[in-house]
Structure formats: C-alpha cells, structure tokens
Amino acid sequence: MATIKFDMVIRGGKVIDPEFGFGKDATILINDGKIAGIEIESPELKKQIDKLPKDKIVDASGKLVVPGLVDIHVHLREPGREDEETVVSGCRAAAAGGFTSICCMPNTTPRIDSQEAVKFVQDRAKDADARVFVVGAITKNIEGKELAEIGDLVKVGAVAITDDGNYVQNPEIMRRAMEYSRMFDIPVMEHAEDQFLSTGSVMNESFQSTRLGLPGTPSVAEEIAVLRDIALSRLTGARIHIQHISTKETVEAIRTAKKEGLRVTCEATPHHLILTDEEIGKKFNTNLRVNPPLRSAKDRDAVIEGLMDGTIDCIASDHAPHSAEEKDCEFDQAPPGMIGLETTLGLIKAFLIDKGLLSWADAIRKMTINPAKILDLNCGTLAVGAEADITIIDPDKQWTVKPKEFFSLSRNTPFDGYKLSARVYKTILGGRIVFER
Ligand code: DOR
C-alpha cells in the first residue's frame with residue numbers, strides 16, 4: 001500500500017457511503033480536514049495509527065460512520081427573529097442532529113432577496129457548527145410580484161431560489177424565474193400550494209377538518225401547483241425541486257414527470273412520512289399545524305411508497321422554529337411549522353428503517369448524496385479529497401425526545417415524548433468534532 005498521510009482516524013465503525021458501497025468495517029483516514037482514504041487496517045497502518053495523539057483516534061466500534069448529513073430545507077430565523085433561532089443556534093441543532101450541511105430558506109425578516117442579505121447569513125455562519133448554503137428568494141420580499149435580482153444572488157453564492165412559505169401564484173412570473181434559473185443552471189425550489197384554494201385554512205380538508213370544524217386546504221391545492229410547474233419546467237427546461245410533498249397525487253405527478261425525463265426532483269419531511277391529520281383531534285397540539293398540512297393515511301402511505309421507489313429523492317426536515325408564545329394559542333391562531341433538525345434521524349430509523357420500509361443505505365443516500373446532488377453542493381460523500389464531514393451514528397440507541405434538551409432555541413415539535421431508536425454519537429465538520437454525546 002502506498003503510504004497515505006493522515007493526522008486523524010475514525011476506526012472500528014461500519015462505513016456506509018452510498019456512492020462507494022455499504023456496510024464495510026473500515027478505518028477512515030483524515031488529513032488536514034479532508035478525507036485521505038478509507039482502508040481496512042493492515043499491521044503497518046495499525047502501527048502508523050498508534051503514533052497519533054489519542055484525541056486524534058476516534059473509536060467508532062459498534063457505530064455507523066456515514067457522510068455528514070445534508071438537509072436542504074431549514075429555516076434559520078436570522079435576521080429578524082433571533083429569539084426563535086439564530087444561524088449559530090440552528091447550526092448547533094444541525095450538528096446535534098448529525099447534519100453538517102444545511103440550506104437556509106429566505107423567508108427571514110428582511111427576506112433573503114438581496115446580495116447583502118445572502119452575505120449577512122454567510123458571515124454569521126463562518127465559524128458555526130455546520131456549513132450553511134443560502135437559498136435566495138425568487139421574488140422581491142417573497143411577494144410573488146416582481147423577480148428578485150436572481151443573477152446578483154447567485155453571484156454571491158445563493159445555491160438555488162425559492163419563495164418557500166409562499167407559492168409564486170403568477171405563472172408568468174414563475175416562467176421567467178425558471179428561464180433565469182437556466183442561465184445559472186440552479187434549481188427553482190417550489191413551495192407548491194395554490195393560495196386561492198388554501199387561504200384561511202389551517203389543516204387538511206378532510207373528514208377530520210369537518211369533524212373538528214376547522215377550515216381545510218384540499219390536497220388538490222398542491223397537485224395543481226405541482227402540475228403547473230412541471231408544465232413550466234417542460235416549457236423552459238428548468239430544474240425544479242418540489243419541497244415538502246404531502247399528497248398521493250403529487251407523488252404520482254412527479255413519478256410521471258420523471259418517467260418523461262423532466263428535470264424534476266422532490267423531498268419529503270419526516271412529519272409527512274409519519275403523521276396524519278387524525279393526530280390533530282387527539283390533542284389540538286399547535287405544533288401539528290404545519291404547511292403543507294398533515295394529510296390522510298392514504299397520502300402518508302403514498303409518500304412512503306414514493307420514497308421507497310425513488311420518486312422522492314431526499315428527506316428534508318423543513319425545520320421551522322416558532323416561539324412558545326406564538327404556539328401557545330388556539331390551533332387556528334398558531335403559525336405553521338415544526339422543528340426537525342434534532343429528531344429527523346431518530347424518526348427515520350424508528351418509523352421507516354425499523355419497520356423494514358427503508359434500508360440504512362437508502363436512508364443515508366436520501367440524507368447525503370441525493371440532496372447534495374440536487375443543489376450541486378460539494379458535500380454528502382466520503383470520497384478521497386472531500387471535506388471530512390462525517391456523522392457517527394449509534395444505530396440502535398433508544399432515547400426519548402425531550403424538547404427541553406434541544407440545542408435549537410425553539411421547542412415546537414409534536415414528537416415530544418416519542419421513543420426513537422438511533423442517535424447521533426459524534427458529528428465531524430472538516431475534521432473538527434463539532435458535536436459529541
Ligand atoms: O410549516 C411551515 N412553516 N411551512 C412553510 O412552508 C414555512 C414554514 C415557516 O417558515 O415557518
């Protein structure tokens with residue numbers, strides 16, 4: 001073996017890198033913050049490792065060692081609502097949840113629709129515990145009326161555009177946004193919700209909303225939005241990424257679009273893969289209010305099926321912090337959103353992997369290389385030369401969700417008290433241990 005230079009190792013764990021094979025016990029060699037090699041330890045290598053300082057040898061026996069997780073849908077509330085989340089606190093929560101790269105959404109106050117706003121977030125993220133990729137707005141103030149200066153946003157590093165939280169209701173504006181996006185070959189991320197059909201609603205339109213007397217959004221509000229943008233992608237050739245998909249019809253529409261060869265990708269959140277609108281009537285827990293709303297069991301099952309057959313490319317948390325004051329009110333008065341960075345991995349293990357619906361390899365693929373490829377991010381892999389962003393997972397660790405222990409500044413999760421079955425052991429960012437339990 002040619003000698004590989006290294007200054008840190010992770011040994012004893014089962015390495016899962018979706019790009020290069022699965023489930024092998026191997027030692028990861030790191031040099032100067034980058035992956036230097038993945039090796040089965042020979043006696044010579046063992047001797048070399050023994051010369052390292054003890055704190056540079058990470059023992060991962062009995063653990064899974066995977067590329068640092070990537071979450072392409074996160075709301076950091078800075079600027080504007082630093083009481084709910086800052087860039088630094090959101091990155092701390094990300095590290096605790098095993099995420100080394102996150103993409104932040106532009107619906108802050110002010111919005112991320114200018115070069116200054118992109119640079120502000122990038123600056124705040126400089127020494128944080130995760131890499132932050134900024135997604136800029138499609139339209140000024142995410143109002144859907146006038147395009148943001150998309151070229152300017154891309155010039156300073158925006159990796160995609162979205163008006164997340166709002167749907168770009170005007171198809172002519174969306175067409176032009178897609179045409180611009182092609183000039184830079186960035187994806188347009190789409191919050192798919194026809195607002196004429198959803199205005200005033202607080203949950204899914206269903207038997208449950210009728211029973212509870214709450215106004216509902218029909219699932220067709222999402223389907224119409226998605227079908228329009230698939231048609232616009234066909235017209236313009238733009239890459240589109242449908243965010244937080246929640247309905248059976250959306251899964252079918254995307255499956256068909258992919259078969260046609262259109263440049264369409266999509267994500268699902270843990271909550272749409274696990275919960276249904278039936279939960280709402282049980283506790284009226286305002287943390288169950290989310291956009292798009294929790295749907296029926298038929299929709300939830302279709303989203304799981306889409307994840308299993310590859311229609312859904314990746315899992316994203318849609319981490320959406322809200323303060324206790326804002327959520328401590330009647331169900332219909334609460335703002336939509338729930339946090340997810342610190343529960344996503346454990347939820348996916350307990351509700352999908354443990355139930356035999358997803359393998360570890362597929363789950364890791366959908367939380368690393370797949371999301372990275374959707375946005376052309378330089379992460380999500382253990383390839384030699386890549387940044388040493390690594391997550392070490394205790395794959396059978398039983399734990400109970402206790403929001404008061406979260407690193408996020410917000411506590412709005414409906415999964416309080418849930419018993420989960422895998423947990424992050426250590427998170428490594430560029431060869432630096434940023435989180436350990
Ligand atoms: O539930 C949601 N909350 N959905 C969104 O699209 C926006 C998010 C937020 O910013 O709170």
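Both ligands and their constituent atoms are indexed starting at 1 by order of listing. Because the structure is a prediction, the values reported are computed rather than measured. Numbering of residues begins at 1 and proceeds along the displayed sequence.
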Checklist line | F284 side, atom CZ; E330 side, atom CD - distance, nearest 0.5 Å | finding: 11.0 Å
Checklist line | Under 3.5 Å donor-acceptor, K258 side chain and T311 backbone | finding: yes
Next item on the list: Give the numbers and elements of all ligand 1 atoms closer than 4.0 Å to a heavy atom of H191.
Entry: 6 (O)
Check: With atoms numbered from 1 as shown, which atoms in ligand 1 lie under 4.0 angstrom from a non-hydrogen atom of V290?
Finding: 1 (O)
Next item on the list: Determine whether W360 and K14 make a side-chain contact, defined as any pair of heavy atoms from C-beta on separated by less than 4.5 Å.
Entry: no
Next item on the list: Under 4.0 Å from a heavy atom of A320: give me the atoms of ligand 1 that qualify, with their elements.
Entry: 3 (N), 8 (C), 9 (C), 11 (O)
Next item on the list: Using a strict cut-off of 4.0 Å, indicate which atoms of ligand 1 neighbour a heavy atom of R77.
Entry: 9 (C), 10 (O), 11 (O)
Next item on the list: Could you check whether the rings of F435 and F407 sit parallel, tilted or perpendicular, using 30° and 60° as the cut-offs?
Entry: perpendicular
Next item on the list: May I ask whether H73 has any heavy atom positioned less than 4.0 angstrom from an atom of ligand 1?
Entry: no
Next item on the list: State if M338 counts as touching ligand 1 under the rule of any non-hydrogen atom under 4.0 Å.
Entry: no
Checklist line | Aromatic plane relationship, Y418 with F415 - under 30° parallel, 30 to 60° tilted, over 60° perpendicular | finding: perpendicular
Notebook entry, point to check: With a 3.5 Å cut-off and no angle check, do the side chains of E149 and S114 form a donor-acceptor pair?
Noted result: no
Next item on the list: Below 4.0 angstrom from a heavy atom of H244, which ligand 1 atoms are there? Numbered from 1 as shown, please.
Entry: 6 (O)
Note to self: So, 4.0 Å and heavy atoms of H322: is ligand 1 close enough to count as a contact?
What the structure shows: yes
Notebook entry, point to check: What protein heavy atom sits nearest atom 10 (O) of ligand 1, and how far away is it?
Noted result: N107 ND2, 2.8 Å
Item checked: Closest approach of any protein heavy atom to atom 1 (O) of ligand 1, naming residue and atom -> N291 N, 2.8 Å
Checklist line | Working for side-chain contact (heavy atoms from CB on, under 4.5 Å), residues L294 and N204 | finding: CA-CA 6 Å; L294 302 174; N204 183 36; over 6 Å; no
Item checked: P336 N/O to ligand 1 N/O under 3.5 Å -> yes
Note to self: Looking only at the side chains, is there a donor atom on one of S246 and R295 sitting less than 3.5 Å from an acceptor on the other?
What the structure shows: yes
